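Working notes, structure below.
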Amino acid sequence: MKLAFSQLRRAAVALALGATAVAGLAQTSLPTAAVRNVTDTYHGTKIDDPYRYFENKADPEVAKWMKAHSDHAHATLARIPGRNALLEKIMQYDSAASDRVAQVTRLPGELYFVERRSATENQFKLYMRQGLKGADKLLVDPEALEKKTGKPHAINWYVPSPDGALVAYGLSSQGSEAAVLHLLDTRSGKPVGQPIPRADFGGVDWSPDGKTLLFNRLRAPRGGDKATAKYQHSQTLMLRPGERVGAARAVFGTAVRGVKIGAAEIPFVSLSHDGQWAFGFVINGTQRELGLYAAPQASVLAGKPAWKRVLDSSDEVTSVAYFDGTLYLVSHKGAPRSQVLSIKLKSPDLKAAEVVMPPSERVVVNVVAAADAIYVETRDGNVKRLFKRPHGTTGAPVEVKLPLEGSFELVSGEGSVYAANPSLPGVLIALQSWNSANQYYQVAADGSVSNTGLQPAGPYDMPKGIVTTEVKVKSHDGALVPMSIIHRDSVKLDGSNPTILYGYASYGITEEPFYSVSRLAWLDAGGVYAIANPRGTSVYGQEWYRGGYQATKPNTWKDFIACAEYLIAQKYTQPAKLGILGGSAGGILVGRAMTERPDLFAAVIPAVGALDMLRMETTANGVPNIPEFGSTKTEAGFKALLAMSTYNHIKPGTPYPAVLLTHGVNDPRVEVWESTKAAARLMAATSSGKPVLMRLAYDAGHGIGNTKKQTLEERADMFAFFLWQMGVPGYQPTP
């Protein structure tokens, strides 16, 4: 979820026996949460909070409740017949390819950095290779660290120096995302300098000669700090590799003269490859629109940055690329589906900007610069298109024909995944669809597209017999909501199919075609899998996004409910066989759909769900999310947050569907108590007799950095829970 920071950017009634047979097991020994009501008054409105004390997860009573209910949930899920066989099938599908590849970075000299996990490994490791066919050299192995410490570790981000001689990487444990910055000499394999904690965001870049490192660092905690202080006043620091961290100096942030940004805004610095410019990016929490400063690069590297403001968030720019003195901008100002503009950096005047790619029915998503051209990522519905305009030419960019109708993402700079490097021609993209797994393609300067072979193809990466249908569903106010429906060709539209409806609908994040081998296990069980793009996504651009944002947020779950009703009306399924799934901010979506229409669903799974939105603002990551959801400090913000808060809409005596809440105890994005409070209130309120299970993971967080074992076991539990509650034979426990 973006309930964390992307660097520069960046889921009716069951049969009575099936619903109650396991629900009653060991219930008498489970602790009941006492009601200790706290009443808050917001702008004259009194709000009850019966489980406020759950926010202290260290309280022995709360900890005991959490452990008992989590143990019960794990035991209950383990007793579902067919669950273990389902897990074995998911593991079989996942391990069929010899390796899974992620986070590929291409450097001059045909040097590649790759995160790779073999079929027998539990975590991604970082490798370096010379050439596409070269042998991998292991650089960072989180599994070796787990063996030493007994705690799972993950690579959060990595950024090699321009010549690949050094690599900076962030490492965190137990899903905490509390990254510690490490430097490694890639040739000797030896560490450089000392580890640097509080580098959660990364925000790393290098000087063109690789002799200076810039990175974002959180400020040191102080006694008496509130939780909300954690992400405020972070700074971009500059350090020479090998120097002690105490020698680092701030070059961008609230501590730097000439920089006027808010305490909660996040500063990052990117240095141009040509040595001319430094760019100071200002990220206002989860807000998509950027602020931008520029300074002569020499002034920054000398420790005396001469910053000048170039863009403000009011300019509505969401993506920036630089090449040869020109800034290329994606802006939705006056263009709801965005356009590409360019300005000369020596005299940056948006009023005189050239229109490089004018507005159209396509949504412009991103622009990057390679040595030969700028490349533009666009979206038609939820299908991505790639365009390019060679440097030194005029006219609109032209489309690059890709071998697959699907999705990809163009990223350049810090933490680049499918890199556009301004020192290299062409781009590297990872392309996938609903029914075709990720493959890495090189788009050359001449427009040709070739598979790099970096990702070995698995036997289940392009399965046959899968049907994908794209539909548009009429919502409560006539808006047409896109939905993708996936199933095997043997499925009959007779209303009998177990069906999962998935959605997210926040931050303008669109559900684009993505492949999941584990989804095959659900389809094998006769299941239908549907993915909705309600308002709150940006499938149709800025207006669609803002149609499910703050005060308009109710449109998201109303659109979602309309999609559920469509699946029933078209006889894909029926309420007794329909489940909904949403993670993180998607918890708002599924939680409020459930509280609005409990009759419509057999089962609901909010995963690491944002469920108590009135209290979100009191958390460390709540402040950065104010731009997306609003603040209780204003009456309009309070009303919007109350409307989207599942916890505050749970009503006693309501026959709720079965609910499985999953959460990592070390979650830094959505506090675990958002799930535990909602679980306690649901357990007390529901009159259906159906289970409310609280599945916790004590060695995990928001899901970022989860091991393969953790991920696949949770997926098996989710699928088994749905199949149990939908009354599917083979998944029904005996009394």
Side-chain angles (χ1 to χ4, degrees), residues 5 7-8 107 156-171 179-186 191-220 231-261 263 265-283 290-310 320 322 345 412-416 422-423:
F5 316 106
Q7 296 295 347
L8 289 179
L107 297 181
N156 295 76
W157 46 262
Y158 77 87
V159 186
S161 61
D163 62 357
L166 298 171
V167 64
Y169 65 95
L171 202 64
V180 176
L181 187 158
H182 298 259
L183 285 177
L184 186 75
D185 185 309
T186 61
V192 176
Q194 297 299 311
I196 302 174
R198 307 196 310 276
D200 297 25
F201 300 157
V204 168
D205 203 6
W206 295 86
S207 60
D209 63 6
K211 294 181 178 180
T212 304
L213 176 75
L214 294 98
F215 60 96
N216 178 281
R217 196 181 194 205
L218 304 181
R219 74 172 187 174
Y231 297 126
Q232 299 198 37
H233 291 288
S234 71
Q235 308 291 328
T236 291
L237 305 180
M238 182 174 70
L239 188 70
R240 294 182 71 85
E243 285 186 317
R244 59 184 181 84
V245 69
R249 65 180 77 180
V251 293
F252 191 58
T254 55
V256 177
R257 182 179 300 176
V259 177
K260 295 181 180 180
I261 65 175
E265 292 184 305
I266 308 153
F268 297 115
V269 172
S270 176
L271 302 179
S272 67
H273 70 292
D274 59 9
Q276 296 301 304
W277 294 97
F279 300 106
F281 289 87
V282 182
I283 312 296
L290 304 168
L292 183 69
Y293 284 78
Q297 192 173 127
S299 73
V300 174
L301 295 177
K304 299 178 180 180
W307 294 111
K308 290 186 178 181
R309 192 101 191 196
V310 177
V320 174
Y322 166 82
L345 196 53
S412 64
E414 189 278 321
S416 38
S423 298

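Keep in mind that this is a model prediction, so the values were computed, not measured.
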I'd like to know if the side chain of [X] and the backbone of [Y] have a donor-acceptor N/O pair within less than 3.5 Å.
X	Y	result
Trp206	Ala168	no
Ser234	Asn216	no
Ser161	Val167	no
Thr186	Gly164	yes

With sequence neighbours excluded, residues passing side chain to side chain contact (heavy atoms under 4.5 Å, CB included) with [X]:
X	result
Ala306	Pro296, Ser299
Ala199	Trp157, Leu181
Ala302	none

Hey, does [Y] have a side-chain heavy atom less than 4.5 Å from the side chain of [X]?
X	Y	result
Val180	Ile196	no
Phe268	Leu290	no
Thr212	Leu271	no

TODO: Take Leu213 and Val204, measure what side chain to side chain contact (heavy atoms under 4.5 Å, CB included) needs, and give me the verdict at the end.
DONE: CA-CA 7 Å; Leu213 176 75; Val204 168; 3.6 Å; yes
Task: Working for side chain to side chain contact (heavy atoms under 4.5 Å, CB included), residues Leu184 and Tyr158 - done: CA-CA 11 Å; Leu184 186 75; Tyr158 77 87; over 6 Å; no
Task: Worked check of side chain to side chain contact (heavy atoms under 4.5 Å, CB included) between Thr236 and Phe281 - done: CA-CA 10 Å; Thr236 291; Phe281 289 87; over 6 Å; no
Could you tabulate the donor-acceptor pairs under 3.5 Å formed by side-chain atoms of residues 237-247, not counting sequence neighbours?
residue	atom	partner	partner atom	Å
Glu243	OE1	Arg240	N	2.9

Task: Heavy-atom closest contact (Val320 atom, Leu292 atom, distance) - done: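 Residues Val320 and Leu292, closest heavy atoms: CG1-CD2, 4.4 Å.
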Task: Non-neighbouring partners of Tyr169 that pass ring pair (Phe, Tyr, Trp, His ring centres under 6.0 Å), sequence neighbours left out - done: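 Partners of Tyr169 by the ring pair (Phe, Tyr, Trp, His ring centres under 6.0 Å) criterion, ordered by chain and then number, come out as His182.
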- [ ] Could you list the residues that satisfy side chain to side chain donor-acceptor pair (under 3.5 Å) with Asp274, not counting sequence neighbours?
- [x]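 Listed in chain order: Ser272, Tyr322.
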Side-chain donor-acceptor distances from residues 250-261 under 3.5 Å, at least two apart:
residue	atom	partner	partner atom	Å
Thr254	OG1	His233	ND1	3.0
Thr254	OG1	Gln235	NE2	2.7

Open item on the list: Applying salt bridge (Lys or Arg N to Asp or Glu O under 4.0 Å), can you list everything that pairs with Arg219, at least two apart in sequence or on another chain?
Closed with: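 Residues passing salt bridge (Lys or Arg N to Asp or Glu O under 4.0 Å) with Arg219: Asp225.
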